[in-house]
Amino acid sequence: MGGGTLEGVHTVLTVAGSLDAESVRERERAAPRWVWADTRAVYPALVRAGVRLARCHDLTLTEALLLAHDGRYGEAHSAQAAFARLHGLPVPETGDGPAAKQDTLFEPERTELGAAELAEVHADQRRRIAALPEPGRFRLLVAAESAGALLAAEMAHDGMPWRRDAHDELLTELLGPRPVHGMRPARLQALADEVAAAFGHPVNPDSPQQLVKAFKGAGLQIGSTRSWEIKKLGHPAAAPLLAYKELARLHSFHGWTWADQWVRDGRFRPEYVVAGVVSGRWATSGGGALQIPKVMRKVVVADDGWALIVADAAQLEPRVLAAMAGDAGLAEAAGEIDLYSALAASFGGERENAKLAMLSAMYGGTGGDAAKVLAVMRQRFPQAYRFVEDAAKAGEDGKVVRSWLGRTSPPPSGHWRELVSGPEGARAARDRGRFTRNFVVQATAAEWALALLAVLRGRLPEPARLVFFQHDEVMVHCPLDLVEEVAAAVAASAAEATRLLFGSTPVRFPMEAVAVSRYSDAK
DNA sequence: CACTATCGCGCC
DNA sequence: AAATGGCGCGATAGTG
């Protein structure tokens, strides 16, 4: 593999149907860009056969990006649908519904299009991209998104190291021995009993309704059973209830049943969904890989003689904002390793205040001291401030916004348009403004991360493997003697991702890699 | 019975 | 302290 995954001209091989691993391996030697309808339908079988490909163009993912850019978010975007539109034929409603998903997961390649038709779709997509205001950026987006699709299939195959024995030990320590199916573990039952005893009558701690009623019976009015609200109560049921909630979640989300389903042969293999989130972040369709509780990270252990290289981009979103907005002052602060401290210095205030101002600007926060620190932000970093304000205004006005590389936010729904002209209109507008304000930053941060992944994937020495990716964090599993080489590859990839997106910018994107045996030792 | 909505909380 | 964005997921409770 090597560089050039995202840039440059390559031989184009348009392929349809299921592919023979041997001939694919042979043709890969010319370093082509593989063009196919849907990576999910083609690549997993190749990966199982031991094939790894450097680059591809995923027609389905690209079609979704192009349609959204054209204000047609959410329309059917399969290669077949694209071909039908191109020829004025009825568009098959394959879309992304649950049924379509089932097909791609369990059926072999079912595309009715041959290589020639796919080549037509590809040529059409290239024309449409060339006609965009920023074709170079969009090409980068398409290449990175497609590389992500390759990687998602590879990570699903390779899996993250997961020690089943350590997991079982941890669960037993926290919950008691594994209960027979459908029963509460002993520790959970004991806590549930304590809660009931504190109320003086049976209460199901899993039922918010029953809890609200029980507290009401005890003379305590609560608006919800969120833990911060429970915490404020002096009631004797509060402590065991909070303990119950925490452990019950662990049991139901990452307990024994979860492990039975998702951990095999010492590996956790989640199903990643590339661009599953509107902002371009990945989602998962099972296994909850993006919500692994911190307490569980001690069971993620490198194989003997191997290490986990864990790296996350520090304060990625504010740095992305600094680079996009071209705000000289903010960019200067973002040239430091600890952005918030640099911000505080330039603010003339506390680090915490600087952080709050930054997050409020990006998320649309207004609570607490947000308004006060935002005023300072507006004065000190006017360009950055205006950048997110413009995005918010566009959202309030019902317009779409775009990321740096051209990913487009969903247009407002019909429901929203009704709401906005009704009595609650101002609120609906503000809500959407917060969404678009955040979209431009979150989506661009996702693009930076995607570019990093694509570059890093191409730079990893064999047999190192990317085994986990979570928004702004990556994990590589590699033999101990490759630790330094992999860590250097991570740093170089971060620099390359920055160059690819922003060219020369004073903004730094620190991504320090640490080598550990256990994931929990990484932070 | 199957399906959907709501709640609440884990992660970023 | 609780009027910041994005998600997935499971249990309960309500609906057809």
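We name chains A, B, ... by the order of the sequence lines, and we start the count at 1 in each one. Scope of the values below: all heavy atoms of this structure, side chains included, with no hydrogens, waters or symmetry mates.
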From [atom1] of [X] over to [atom2] of [N], roughly how many Å is that when rounded to an integer?
{"X": "A:Gln291", "N": "B:dG8", "atom1": "CD", "atom2": "C1'", "answer": "13 Å"}
{"X": "A:Lys372", "N": "C:dA1", "atom1": "NZ", "atom2": "P", "answer": "14 Å"}
{"X": "A:Met362", "N": "C:dG6", "atom1": "CE", "atom2": "P", "answer": "14 Å"}
{"X": "A:Lys231", "N": "B:dG8", "atom1": "NZ", "atom2": "P", "answer": "14 Å"}
{"X": "A:Arg249", "N": "B:dG8", "atom1": "CZ", "atom2": "P", "answer": "13 Å"}
{"X": "A:Asp206", "N": "B:dG8", "atom1": "CG", "atom2": "P", "answer": "12 Å"}
{"X": "A:Trp258", "N": "B:dC11", "atom1": "CH2", "atom2": "P", "answer": "14 Å"}
{"X": "A:Leu450", "N": "C:dG6", "atom1": "CG", "atom2": "C1'", "answer": "16 Å"}

Working for side chain to side chain contact (heavy atoms under 4.5 Å, CB included), residues A:Arg267 and A:Asp158: CA-CA 8 Å; A:Arg267 295 289 186 269; A:Asp158 294 330; over 6 Å; no
Side chain of [X] (C-beta onward), nearest among [options]:
{"X": "A:Arg297", "options": "B:dC11, B:dC7, C:dG6", "result": "B:dC11"}
{"X": "A:Lys245", "options": "B:dC9, C:dC7, B:dG10", "result": "B:dC9"}
{"X": "A:Arg434", "options": "C:dC9, C:dG5, B:dC12", "result": "C:dG5"}
{"X": "A:Thr225", "options": "B:dG8, C:dG5, C:dC7", "result": "B:dG8"}
{"X": "A:Arg226", "options": "C:dC7, B:dC9, C:dA11", "result": "B:dC9"}
{"X": "A:Ala283", "options": "C:dC7, B:dC12, C:dG14", "result": "C:dC7"}
{"X": "A:Glu246", "options": "C:dG6, B:dG10, C:dA13", "result": "B:dG10"}
{"X": "A:Gln470", "options": "C:dG6, C:dA13, B:dC12", "result": "B:dC12"}

Are any of the side-chain nitrogens in A:Lys393 or A:Asp390 under 4.0 Å away from the carboxylate oxygens of its partner?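 No, A:Lys393 and A:Asp390 are not salt-bridged.
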Show the nearest heavy-atom pair for residues A:Ile222 and A:Ile230, with the distance to one decimal.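 Shortest heavy-atom separation between A:Ile222 and A:Ile230 comes out as CD1-CD1, 4.3 Å.
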Under 4.0 Å, heavy atoms only, any strand: does [X] hit a base, just the sugar-phosphate, or nothing?
{"X": "A:Val441", "value": "nothing"}
{"X": "A:Asp312", "value": "nothing"}
{"X": "A:Phe253", "value": "base"}
{"X": "A:Gln209", "value": "sugar-phosphate"}
{"X": "A:Leu250", "value": "nothing"}
{"X": "A:Ser207", "value": "sugar-phosphate"}

Step-by-step salt bridge (Lys or Arg N to Asp or Glu O under 4.0 Å) determination, A:Arg407 to A:Glu145: CA-CA 11 Å; A:Arg407 192 185 303 273; A:Glu145 186 114 301; 2.8 Å; yes
Would you say the base of B:dC12 and the side-chain of A:Arg281 have a donor-acceptor pair closer than 3.5 Å?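 Result: at least one qualifying N/O pair found.
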Would you say A:Asn438 places a side-chain N or O within less than 4.0 Å of OP1 or OP2 belonging to C:dT4?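 No, because none of the side-chain N or O atoms of A:Asn438 sits under 4.0 Å from OP1 or OP2 of C:dT4.
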Is the distance from OP1 or OP2 of C:dC7 to the nearest side-chain N or O of A:Thr284 less than 4.0 Å?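 Answer no for this pair, as no side-chain N or O of A:Thr284 is under 4.0 Å from OP1 or OP2.
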Going by atom types only, do A:Glu154 and A:Tyr43 share a side-chain donor-acceptor pair under 3.5 Å?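 There is such a pair between these side chains.
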Can you confirm whether A:Phe468 sits close enough to A:Tyr519 that some side-chain heavy atom of one is under 4.5 Å from a side-chain heavy atom of the other?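 Contact flag for A:Phe468/A:Tyr519 side chains = yes.
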Residue mapping more 5' on DNA chain C - nearest nucleotide basis, A:Lys232 or A:Gly276: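 It is A:Lys232 whose nearest nucleotide is closer to the 5' end.
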